[in-house]
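Note sheet for the following structure.
Heavy atoms only: backbone and side chains are in, while hydrogens, waters and symmetry mates are out. Chain letters run A, B, ... following the sequence lines, proteins first and then strands; every chain starts at 1. Just so we're clear, the structure is a prediction, and the values are computed from it rather than from any experiment.
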Amino acid sequence: MYQSPVRRVPRAGVSATVRHGGGRDPWRTRPGYACAMPRLSEYLLPTEREPPADAEALSHKLLVRAGLIRQVGSGLWSWMPAGWRAHQRVVQIIREEMDAIGGLEVLMPILQPAELWKRSGRYESFGEELFRLRDRKDADMVLAPTSEEAVTTHAAALIRSYRDLPKILYHFQTKERDEPRPRAAVLRSREFVMKDSYSFDRDREGLDRTYELHARAYDRIFDRCGLEWYSVEADVGAMGGFGAHEYMAPCPAGENDVVVAPGYAANLEVASAEPQPVELPPAPAGPQEAPTPGLVTIAQVAGALGLPEGALLKAYPVVLPDGSLVLVMLRGDHKVNEIKLALALGGPSRQATPEEIEAQLGPPGSIGPVGVSARILLDDAVVAGAGGYVVGANRPGLHLSGVVPGRDFMFERADVRNVVAGDTVAGHPVRIEPAIEVGNIFKLGTRYSDVLGATYLDHAGVSRPIWMGCYGIGPARIAAAAIEQFADDRGISWPRAIAPFDVHLVTLGKDGSEERELSDRLYEELRSAGLDTLYDDRDAGPGEKFADAELLGCPLRVTIGRRTLQNGEIEVQVRRGQEARALPLDDAAAATVQLWRGLA
RNA sequence: CGGGGUGUGGCGCAGCUUGGUAGCGCGCUCGCUUUGGGAGCGAGAGGUCCCGGGUUCAAAUCCCGGCACCCCGACCA
């Protein structure tokens, strides 16, 4: 008699465990899997015909419709059984590759004393995103959004000698971040599982090597997960650091803009490219006044003067912390990149208020660089000497034409603009596409070891700070990205490696029929052959079963019905592309395995 | 934080303008039929209409105050 998964649950102290397991824990035969023999009639796969009304992103709609996740609150999601299987398959791939580079898996707590975070300075700097709470003794606590503080504290206590280095520690742990705006289900949630690893090295060179080890492990992880991905240069962020890469999975729901050209990929935040040329009118001997009554936008002025927007210079006044004003000038068709600007200015700045602009320059809408005393930062895309630009005259309703940088105003140079599509890198035009950040690697240096006292003694007995790196991956984002990248109008199409099941076996026979009997037997054979199989043995119509199978998106669908059985065959459909083929009933399991092995 | 929107059965929605027995489709339960693309017939179950207060003989509906959730933007180690 068939034993349901529920009845097979081994419980501590229950003799049935021994009877069924024969002294061997049946749950260990398939690591990471909680249910070894799912029959859909006894499973929990809450599929929906329609997506939630408020879902926008494709992965959000499909994750819910396919019965993989359910919402608990804003940015808070539960994984349903099949969804968790896919998630755990990603986790297992990551685990194997981390172990392969010598990573040591640990587990650190989510709940942490605020004291640690006060020592690192992040109790303040992390801001509103850090969940804070108090314990019963009224001590300040935090829910950890990441684990640098905890792991560095351990390193400080446990690593004493250069002989203890290098080390890589990692864990899969729930992260808590009070996101200002959770989005698109698991793409940006307030609580999520992350693999974060931390490396400890003797010096900068050691960190470089460990960083490279991670980079190669990450390459393998995303390849094995079947994603379309690339790594990009990234902003090192406010916390400083010595280098960073982000791993991006391009897809429409992505929140990042990536600049891509042959041999080049970078986050728009840091990308640089050759600007597209703009034809400038010849410059007269000096600036000429151009009346522009009522015209305040670039588009209005360019339109009225019959010039391309790139022949105008846009003025972007900012104020530094010391209160001084800097006038950033860039082409009218370009936009300021705040991150590059901060880099050029050596720190943060803010946009000048209309009052500040009015007081120091002129009426907002027609401000410019000619005759002003403020420091001027000129974007690299602006050329000097090829012709005259149009700029604001710092007087209402008036612009100046024929303005030549260097002749009519002095400036400092910097690259402070956003790349736009069509700019070139090494002669190739770039495109800009949205992508999900599925992982990142970051050279921390000694930022945390310094403040948390993580040092070691070198050969000479000299105390030195440990060099650290940190490396993150979000398994849920990988799953969501895979859905985004490969779904079609019928539903999900999982990459083979991370599908919740290898095979979705659909029987069309009623209980007691010959088809059903053969299906039961094939189910056992598929499982014996090593394929994780979901068996749709429900008492439902064929249309419903096919629709659910295509929605769930397992790589192979095996159908047993009277039609093909008459010819001694079963039908196997490859989910991606929906190509169907007939396999002889004899040895069908082996043939299915063969087919499965050839899939992406 | 700024802007926009939505809360009515498990899901999708109508009803609200003009107050008067809470409805529709899907799903669910039972029976019969059906079984290669979300099947048919019949009989049922299931709702503090987000919460609190107010107006009124009477509030899903009108008024006041909250809360929750979504989308766009800002933000995002």
Side-chain angles (χ1 to χ4, degrees), chain A residues 44 46-57 60-61 64-65 67 70-77 117 120-130 142 144-149 175-185 187-190 194 196 198 234-241 244 246 253 255-256 267 269 338-339 350-351 436-437 440-444 447-448 468-472 474 490-491 506-513 515-516 536 538-551 557 559-566 569-571 573 578 580 582:
Chain A
L44 179 62
T47 57
E48 295 289 343
R49 210 180 263 251
E50 298 180 71
D54 52 23
E56 200 62 35
H60 179 182
K61 292 178 182 171
V64 174
R65 280 194 59 211
R70 284 295 163 115
Q71 184 166 25
V72 173
S74 179
L76 301 170
W77 296 83
W117 290 73
S120 74
R122 291 210 293 183
Y123 191 68
E124 300 306 325
S125 70
F126 220 96
E128 294 285 298
E129 220 169 303
L130 184 65
V142 310
T146 172
S147 297
E148 281 84 2
E149 280 77 3
K175 299 294 179 288
E176 307 283 347
R177 299 181 184 185
D178 198 355
E179 289 285 346
R181 185 154 102 77
R183 227 196 115 241
L187 281 189
R188 181 168 292 277
S189 53
R190 296 198 292 172
M194 177 171 168
D196 40 328
Y198 304 90
D235 174 34
V236 293
M239 57 198 283
E246 290 165 342
E255 296 184 287
N256 297 83
N267 197 313
E269 293 174 347
E338 302 284 352
I339 289 173
R350 61 168 174 84
Q351 260 190 280
I436 296 175
E437 182 186 345
N440 59 39
I441 56 179
F442 197 100
K443 292 182 190 176
L444 285 169
R447 185 236 184 278
Y448 291 95
M468 290 177 57
C470 65
Y471 317 85
R490 302 214 171 192
V506 172
T507 184
L508 300 179
K510 277 165 94 168
D511 215 8
S513 67
E515 298 99 284
R516 176 60 68 98
D536 190 349
R538 294 175 301 173
D539 181 23
E544 191 177 345
K545 291 188 173 191
F546 291 147
D548 275 350
E550 280 151 3
L551 182 58
R557 186 188 78 197
T559 308
I560 297 188
R562 199 172 300 162
R563 188 194 286 175
T564 49
L565 219 48
Q566 285 168 344
E569 291 174 332
I570 60 165
E571 181 199 283
Q573 185 208 54
Q578 293 187 288

*Are A/Arg562 and A/Glu515 close enough, and set up right, to give a side chain to side chain contact (heavy atoms under 4.5 Å, CB included), and what steps lead you there?*
CA-CA 7 Å; A/Arg562 199 172 300 162; A/Glu515 298 99 284; 3.6 Å; yes
*Can you check side chain to side chain contact (heavy atoms under 4.5 Å, CB included) on A/Asp539 and A/Asp511, steps first, answer last?*
CA-CA 8 Å; A/Asp539 181 23; A/Asp511 215 8; over 6 Å; no
*Let me see the working for A/His60 and A/Trp77 under side chain to side chain contact (heavy atoms under 4.5 Å, CB included), right down to the final yes or no.*
CA-CA 11 Å; A/His60 179 182; A/Trp77 296 83; 3.4 Å; yes
*Is there a side chain to side chain contact (heavy atoms under 4.5 Å, CB included) between A/Arg516 and A/Lys510 once you walk through the steps?*
CA-CA 6 Å; A/Arg516 176 60 68 98; A/Lys510 277 165 94 168; 5.9 Å; no
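In this entry B/C49 has no Watson-Crick or G-U wobble partner, no candidate having both defining distances under 3.5 Å. Judged by Watson-Crick or G-U wobble contacts below 3.5 Å, the nucleotide B/A68 has B/U6 as its partner. Figure legend. B/U29 is base-paired to B/A43; pairs are counted as Watson-Crick or G-U wobble with both atom distances under 3.5 Å. When both distances must be under 3.5 Å, the Watson-Crick or G-U wobble mate of B/G73 is B/C1. The partner of B/C16 is absent, by the rule that a Watson-Crick or G-U pair needs both atom distances under 3.5 Å. Across all strands shown, nothing is found opposite B/A59 as a Watson-Crick or G-U wobble partner with both distances under 3.5 Å.
Rounded to whole angstrom, the span from the CG atom of A/Leu551 across to the P atom of B/G37 amounts to 19 Å. One atom, CD of A/Glu550, and another, P of B/G37, lie 12 Å apart when rounded to the nearest Å. Taking atom CG of residue A/Asp539 and atom P of nucleotide B/U33, one finds them 12 Å apart after rounding to whole Å. When rounded to the nearest whole Å, the span between OH of A/Tyr123 and P of B/A77 equals 20 Å. Taking atom NE2 of A/His60 as the reference point, atom C1' of B/C11 lies 13 Å away to the nearest angstrom. The nearest whole Å value for the distance from the CD atom in A/Glu179 to the C1' atom in B/C70 is 16 Å. Between the CH2 atom of A/Trp77 and the C1' atom of B/C69 there is a distance of 10 Å, rounded to whole Å. Between A/Leu44 atom CG and B/G10 atom P the separation is 16 Å, expressed in whole Å.
Using a 4.0 Å heavy-atom cutoff across all strands shown, A/Arg490 reaches at least one base atom of the nucleic acid. Contact annotation for A/Glu269: no contact, since no heavy-atom pair falls under 4.0 Å across all strands. If you check every strand for non-hydrogen atoms under 4.0 Å, A/Arg65 touches a base. Residue contacts shown for A/Ala184 are limited to sugar-phosphate atoms, with no base heavy atom under 4.0 Å away. At a threshold of 4.0 angstrom between heavy atoms, the contacts of A/Ala53 are confined to the sugar-phosphate backbone, with no base atom among them. Residue A/Ser125 is classed as having no contact, given no heavy-atom separation below 4.0 Å to the nucleic acid. Nucleic acid contact class of A/Pro51 (heavy atoms, under 4.0 Å, all strands): sugar-phosphate only. Note on A/Ala55: nothing from the nucleic acid sits closer than 4.0 angstrom, heavy atoms only.
Spacing of C1' atoms, B/C24 relative to B/C32, comes out at 26 Å, to the nearest Å. Across B/C63 and B/C16, the matching P atoms stand 14 Å from one another, rounded to whole Å. The same atom, P, is picked in B/A39 and in B/U48; the two are 30 Å apart, to the nearest Å. For the P atoms, the distance from B/G73 to B/U21 is 44 Å, rounded to whole Å. Nucleotides B/C49 and B/A59, compared at atom P, are 12 Å apart to the nearest Å. Of the P atoms belonging to B/G25 and B/G40, the separation is 12 Å, rounded to the nearest Å. Comparing the P positions of B/C30 and B/G46 gives a spacing of 16 Å, expressed to the nearest Å. For B/A58 and B/A22, the C1' atoms lie 15 Å apart once the distance is rounded to whole Å.
Between B/C70, B/C75, B/G37, one nucleotide has an atom nearer to the side chain of A/Asp54 than all others, and that is B/C70. For A/Glu56, whose side chain is taken as the heavy atoms from C-beta onward, the closest listed nucleotide among B/A77, B/C71, B/G25 is B/C71. Considering only the side chain of A/Gln71, B/C69 comes nearest among B/U35, B/C69, B/C76. Across B/A77, B/G38, B/C71, the shortest atom-to-atom separation from the side chain of A/Arg49 is found for B/G38. Checking B/C69, B/G38, B/G12 against every side-chain atom of A/Asp548, the shortest atom distance belongs to B/G38. Side-chain proximity of A/Lys510 to the nucleotides B/G38, B/A77, B/U35 is greatest for B/U35. Nearest nucleotide to the A/Arg181 side chain, out of B/A77, B/G38, B/G73: B/G73. Picking from B/A74, B/A77, B/G12 the nucleotide with the shortest atom distance to the side chain of A/Pro52 gives B/G12.
Nearer the 5' end of RNA chain B, as judged by each residue's closest nucleotide, is the contact made by A/Glu48, out of A/Gly73 and A/Glu48. Taking for each of A/Glu255 and A/Gln573 the nucleotide of RNA chain B with the nearest heavy atom, the 5'-most of the two is the partner of A/Gln573.
Side-chain to base pairing of A/Arg557 with B/G37: one donor and one acceptor N or O lie within less than 3.5 Å of each other. Side-chain atoms of A/Arg188 and base atoms of B/C76 include a donor and an acceptor less than 3.5 Å apart. No hydrogens or angles were tested; on distance alone, nothing pairs the side chain of A/Glu544 with the base of B/G27 as donor and acceptor under 3.5 Å. Residue-to-nucleotide contacts include no donor-acceptor pair under 3.5 Å from the side chain of A/Arg122 to the base of B/A77.
OP1 or OP2 of B/A68 has not a single side-chain nitrogen or oxygen of A/Ser74 nearer than 4.0 Å. For B/C72, one of the phosphate oxygens OP1 or OP2 lies less than 4.0 angstrom from a side-chain nitrogen or oxygen of A/Arg183.
With no hydrogens or angles considered, no side-chain donor-acceptor pair links A/Glu571 and A/Thr564 at under 3.5 Å. Checking A/Glu246 against A/Asn256 by side-chain atom types alone, no donor-acceptor pair falls below 3.5 Å.
Ion pair A/Arg122/A/Glu148 flagged as a salt bridge, since at least one NZ, NE, NH1 or NH2 atom sits closer than 4.0 Å to an Asp/Glu carboxylate oxygen. A salt bridge links A/Arg190 with A/Asp178: at least one charged nitrogen is closer than 4.0 Å to a carboxylate oxygen. Taking 4.0 Å as the cut-off between side-chain N and carboxylate O, A/Arg557 and A/Glu550 count as a salt-bridged pair.
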